[in-house]
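Computed over heavy atoms, backbone and side chain alike; hydrogens, waters and symmetry mates excluded. Within every chain, numbering begins at 1; the chains are lettered A, B, ... in the order of the sequence lines, protein sequences first and strands thereafter.
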Number of protein chains: 2
Amino acid sequence: MLSKKTKYGIKALAYIARKKDRKPVQASEISESENISQKFLESILLELRKSGFLGSKKGKGGGYYLIKEPEEIKMTAVIRVLEGPIAMVPCVSLNYYEKCDDCPDEKTCSVHKLMIQVRDASLNVLGENTLQDIAFFNS
Amino acid sequence: MLSKKTKYGIKALAYIARKKDRKPVQASEISESENISQKFLESILLELRKSGFLGSKKGKGGGYYLIKEPEEIKMTAVIRVLEGPIAMVPCVSLNYYEKCDDCPDEKTCSVHKLMIQVRDASLNVLGENTLQDIAFFNS
DNA sequence: CTATTAACCTATCGGTTTACTAGGTTTAAA
DNA sequence: TTTAAACCTAGTAAACCGATAGGTTAATAG
């Protein structure tokens with residue numbers, strides 16, 4: 001399950017991407033428009049800034065803005081920062097690998113191979129989609 | 001992330017499927033062989049029985065056995081019972097649908113469309129794999 | 001220079017879930 | 001009648017989640 005944090009983070013990024021001018025967008029504006037608790041959103045935006053997706057400007061007229069172009073931001077990167085691993089099991093994670101304590105050998109694990117397939121399928125979808133794709137779409 | 005419960009459940013089912021004879025397999029045997037806490041495993045096996053994957057026999061020489069053929073058990077079904085929804089967000093779940101409180105309209109939600117794609121990709125993999133496929137595989 | 005605005009920081013917190021554990025009861029075979 | 005196994009109920013420590021509270025810092029407007 002996707003955490004609210006990740007969900008809100010994606011929505012916020014999409015909101016900012018939709019603004020044509022590059023003027024900073026305030027957390028309060030996003031909060032109202034997307035129905036997200038402002039304080040919670042603030043902490044998420046901060047995290048997105050610290051991880052290099054957003055820049056910020058303090059004080060009056062301040063806010064958050066995209067650092068890269070929306071087409072250059074893959075959803076894999078966003079989700080990895082906000083949610084953590086994309087894989088359903090640490091032992092098949094590319095970026096957050098961890099050995100299972102119960103498995104003596106991954107090669108003979110019945111779960112392992114299945115979860116690699118799931119991971120690759122998800123990775124494929126999330127790697128093909130950029131912020132541009134999800135911010136502007138014609139439903 | 002897949003819970004240990006689901007992971008253990010899948011491993012246990014695979015273990016039982018691998019036994020050629022249809023004699024009941026004891027929880028203790030699976031527990032030892034797969035390095036799973038016995039009591040925890042018991043509760044999982046019980047759940048798998050109640051949801052129609054396993055049958056059981058009490059008393060000496062008792063244990064758990066498959067009710068259906070391994071080829072007939074899709075991994076989607078197993079995961080839905082043990083883990084719950086396959087979708088990463090309730091609003092795109094086929095079997096556990098729930099509306100988001102923050103979204104006024106799913107059609108305009110930037111997360112929604114993306115998560116439908118992820119769901120379909122996962123569903124595709126998990127629907128194609130049966131217990132037979134994951135129990136016997138040549139790594 | 002001052003007031004205002006908005007990002008930034010730290011700490012806390014109630015609720016839920018997770019992964020077990022304990023300790024028994026029931027059923028069936030030897 | 002002993003033993004082995006499933007079955008049942010309860011509890012629990014730790015982690016995580018989604019938020020809230022209450023400030024500090026920095027930048028702009030007047």
Enquirer: Between residues 52-69 of chain B and DNA chain C, which residues have a heavy-atom gap below 4.0 Å?
Expert: Lys57(B), Lys58(B), Gly59(B), Lys60(B)
Enquirer: Which whole-number value in Å describes the distance from Glu47(B) CD to dT18(C) P?
Expert: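 Glu47(B) atom CD is separated from dT18(C) atom P by 11 Å.
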Enquirer: CD of Glu42(A) versus P of dT25(D): gap in Å, rounded?
Expert: 16 Å
Enquirer: Hydrophobic clusters here meaning ILVMFWY residues chained together by side-chain heavy-atom distances under 4.5 Å, can you tell me if Leu13(A) and Val81(A) are in one?
Expert: yes
Enquirer: What nitrogen or oxygen pairs link the protein and nucleotides 19-21 of chain D at under 3.5 Å?
Expert:
| unit_1 | atom_1 | unit_2 | atom_2 | d |
| --- | --- | --- | --- | --- |
| dA19(D) | OP2 | Tyr8(A) | OH | 3.2 |
| dT20(D) | OP2 | Ser37(A) | OG | 3.0 |

Enquirer: Atom CD1 of Ile44(A) to atom P of dA7(C): distance rounded to whole Å?
Expert: 14 Å
Enquirer: Is the shortest heavy-atom distance from the side chain of Ile134(A) to the side chain of Lys113(B) under 4.5 Å?
Expert: no
Enquirer: Does the side chain of Tyr64(B) pick up a donor-acceptor pair with the side chain of Gln26(B) at under 3.5 Å?
Expert: no
Enquirer: Please give, in whole Å, the distance from dC17(D) C1' to Met1(B) CE?
Expert: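 Computing the Met1(B):CE to dC17(D):C1' distance gives 16 Å.
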Enquirer: Would you jot down, in residue-number order, the residues of residues 77-96 of chain A having a non-hydrogen atom under 4.0 Å from DNA chain C?
Expert: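 Contacts with DNA chain C under 4.0 Å: none.
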Enquirer: Any Lys/Arg nitrogen of Glu128(B) or Lys74(B) sitting under 4.0 Å from an Asp/Glu carboxylate oxygen of the other?
Expert: no
Enquirer: Categorize Lys50(A) for me: base, sugar-phosphate, or nothing, with a 4.0 angstrom heavy-atom threshold over every strand shown.
Expert: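 Lys50(A): backbone/sugar contact only, no base atoms under 4.0 Å.
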Enquirer: When you look at Lys23(A) and Glu29(A), which way does the salt bridge (charged side-chain N to carboxylate O under 4.0 Å, His left out) test go after all the steps?
Expert: CA-CA 13 Å; Lys23(A) 281 185 188 152; Glu29(A) 181 186 335; over 6 Å; no
Enquirer: Whole angstrom is fine here: how far is it from NZ in Lys23(A) over to P in dT28(D)?
Expert: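 Roughly 14 Å, once rounded to whole Å.
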Enquirer: Do Tyr65(A) and Leu54(A) come close enough that some side-chain heavy atom pair is under 4.5 Å?
Expert: no
Enquirer: Can you see if the side chain of Arg49(B) gets near the phosphate of dA6(D) - specifically, an N or O under 4.0 Å from OP1 or OP2?
Expert: no
Enquirer: Report the distance from atom CD of Glu29(B) to atom P of dA5(D), rounded to the nearest whole Å.
Expert: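 For the pair Glu29(B) CD and dA5(D) P, the rounded distance is 10 Å.
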Enquirer: Could you check whether Ser3(B) and Glu83(B), counting side-chain N and O atoms only, form a donor-acceptor pair closer than 3.5 Å?
Expert: yes
Enquirer: In plain terms, say whether Asp102(A) and Lys11(B) are close enough for a salt bridge, that is, a side-chain N and a carboxylate O under 4.0 Å apart.
Expert: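 Here Asp102(A) pairs with Lys11(B) in a salt bridge, since their nearest N and O are under 4.0 Å apart.
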Enquirer: Whole angstroms only, please: what is the CG-C1' distance between Leu48(A) and dC8(C)?
Expert: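 For the pair Leu48(A) CG and dC8(C) C1', the rounded distance is 15 Å.
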Enquirer: Send over the distance from Leu45(B) CG to dA5(D) C1', rounded to a whole Å.
Expert: 12 Å
Enquirer: Do Met88(B) and Leu123(A) sit in the same hydrophobic cluster, where Ile, Leu, Val, Met, Phe, Trp and Tyr count as joined when their side-chain heavy atoms come under 4.5 Å apart?
Expert: yes
Enquirer: Going by heavy atoms in the side chains, are Phe53(A) and Ile73(A) under 4.5 Å from each other?
Expert: yes
Enquirer: Are Leu114(B) and Val125(B) linked, directly or through intermediate hydrophobic residues, by side-chain heavy-atom contacts shorter than 4.5 Å (ILVMFWY only)?
Expert: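 Hydrophobic grouping puts Val125(B) apart from Leu114(B).
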